[in-house]
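Quick caveat: nothing in here was measured; it's all calculated off a predicted structure.
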Amino acid sequence: QVQLVESGGGLVQAGGSLRLSCAASGSIFSINTMGWYRQAPGKQRELVAIIRSGGSTNYTDSVKGRFTISRDNAKNTVYLQMNSLKPEDTAVYYCNALVIRNALVLTPRPYWGQGTQVTVSS
């Protein structure tokens with residue numbers, strides 16, 4: 001089994017910062033892409049940012065210049081530094097990882113964390 005555990009959410013005023021962390025553990029051979037998604041009330045889950053194993057990144061337009069995704073491959077951990085937060089960033093943030101569990105089956109499978117609430121007050 002593979003578990004993803006997120007931390008770092010909370011309540012912050014507009015303009016503030018938060019740092020989310022997500023640690024993957026369990027039966028892991030390697031991890032390809034890791035990413036953060038979010039889901040606001042009444043809306044669909046959307047991609048926020050992804051980071052590939054080689055370090056390349058992609059961001060949704062609304063967070064470019066404010067959020068930074070990074071990862072520590074030795075710790076199987078991905079981070080999301082969120083600066084200049086806005087009320088519209090309020091959502092449950094979910095961590096995602098494409099995991100290869102063993103060298104015999106190289107097709108990666110997606111795993112999700114349980115989600116962490118981020119609330120930005122105006």
Side-chain angles (χ1 to χ4, degrees):
Q1 275 288 17
V2 175
Q3 298 83 38
L4 272 63
V5 178
E6 298 129 336
S7 60
L11 173 64
V12 65
Q13 288 188 333
S17 298
L18 284 174
R19 189 190 193 212
L20 305 183
S21 299
C22 172
S25 62
S27 179
I28 298 172
F29 176 72
S30 66
I31 302 178
N32 288 2
T33 301
M34 302 185 80
W36 290 95
Y37 293 70
R38 66 186 180 187
Q39 188 167 17
K43 295 187 177 181
Q44 290 187 330
R45 189 174 298 189
E46 66 170 351
L47 172 67
V48 176
I50 59 169
I51 183 167
R52 299 172 184 83
S53 56
S56 63
T57 60
N58 285 96
Y59 297 89
T60 192
D61 286 346
S62 62
V63 308
K64 286 180 180 178
R66 300 188 298 121
F67 291 10
T68 302
I69 190 170
S70 61
R71 65 190 283 176
D72 184 333
N73 290 329
K75 296 181 179 180
N76 289 333
T77 299
V78 62
Y79 306 95
L80 187 67
Q81 178 66 44
M82 304 185 294
N83 299 329
S84 302
L85 281 161
K86 304 176 181 180
E88 50 264 44
D89 294 317
T90 295
V92 178
Y93 284 70
Y94 296 91
C95 171
N96 173 270
L98 293 178
V99 178
I100 297 174
R101 295 184 61 185
N102 64 72
L104 298 179
V105 181
L106 297 179
T107 302
R109 291 183 57 188
Y111 291 88
W112 292 90
Q114 80 285 356
T116 185
Q117 177 70 46
V118 171
T119 302
V120 184
S121 63
S122 57

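- Pairs passing the ring pair (Phe, Tyr, Trp, His ring centres under 6.0 Å) check and including a residue from residues 97-122, sequence neighbours excluded, read Tyr37-Trp112.
- Residues satisfying the side-chain contact (heavy atoms from CB on, under 4.5 Å) test with Arg52, not counting sequence neighbours, are Thr33, Ile50, Ser56, Asn58.
- In this structure, a donor-acceptor pair under 3.5 Å is present between the side chains of Ser17 and Asn83.
- Every side-chain contact (heavy atoms from CB on, under 4.5 Å) that Ser25 has, sequence neighbours left out, goes to Gln3.
- Counting only distance, with no hydrogens or angles, the side chain of Tyr59 and the backbone of Ile69 share a donor-acceptor pair below 3.5 Å.
- Hydrophobic clustering places Tyr94 together with Leu47 (ILVMFWY residues linked when any side-chain heavy atoms are closer than 4.5 Å, directly or through intermediates).
- Rounded to the nearest 0.5 angstrom, Leu20 CG and Thr116 OG1 are separated by 6.0 Å.
- For Ser70, the side-chain contact (heavy atoms from CB on, under 4.5 Å) test picks out Tyr79, with sequence neighbours left out.
- Contact detail for Pro110 and Asn96: the closest heavy-atom pair is CB-ND2, 4.0 Å.
- One hydrophobic cluster holds both Ile28 and Leu4 under the rule that ILVMFWY side chains link at heavy-atom gaps under 4.5 Å.
- Atom CZ of Phe67 and atom OG1 of Thr60 lie 10.0 Å apart (nearest 0.5 Å).
- Annotation: the span from Ser21 atom OG to Gln81 atom CD amounts to 9.5 Å, rounded to 0.5 Å.
- Closest approach of Ala40 and Ala91 over heavy atoms only: N-CB, 3.8 Å.
- Between Ile100 atom CD1 and Arg109 atom CZ the span is 12.5 Å, to the nearest 0.5 Å.
- The CD1 atom of Ile51 lies 10.5 Å from the CG atom of Leu80; values are rounded to the nearest 0.5 Å.
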Side chain to side chain contact (heavy atoms under 4.5 Å, CB included) evaluation trace for Glu6 with Tyr93: CA-CA 9 Å; Glu6 298 129 336; Tyr93 284 70; over 6 Å; no

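- For the pair Val92 and Gln117, the tightest heavy-atom approach, listed with the atom from each and the gap, is CG2-OE1, 3.2 Å.
- Screening residues 73-89 for salt bridge (Lys or Arg N to Asp or Glu O under 4.0 Å) gives Arg38-Asp89, Arg66-Asp89 as the qualifying pairs, with residues at least two apart or on separate chains.
- The stretch residues 24-36 participates, sequence neighbours left out, in no salt bridge (Lys or Arg N to Asp or Glu O under 4.0 Å) pair at all.
- Rounding to the nearest 0.5 Å places CZ of Arg19 at 11.5 Å from CE of Met82.
- Contact of the Val99 side chain with the Pro108 side chain is not registered, since no non-hydrogen atoms from C-beta on lie closer than 4.5 Å.
- For the pairing with Leu85, the side-chain contact (heavy atoms from CB on, under 4.5 Å) check across Thr119, Thr90, Leu18 returns one residue only, Leu18.
- Nearest approach of Ser53 to Asn73, heavy atoms of both residues: O-ND2, 3.8 Å.
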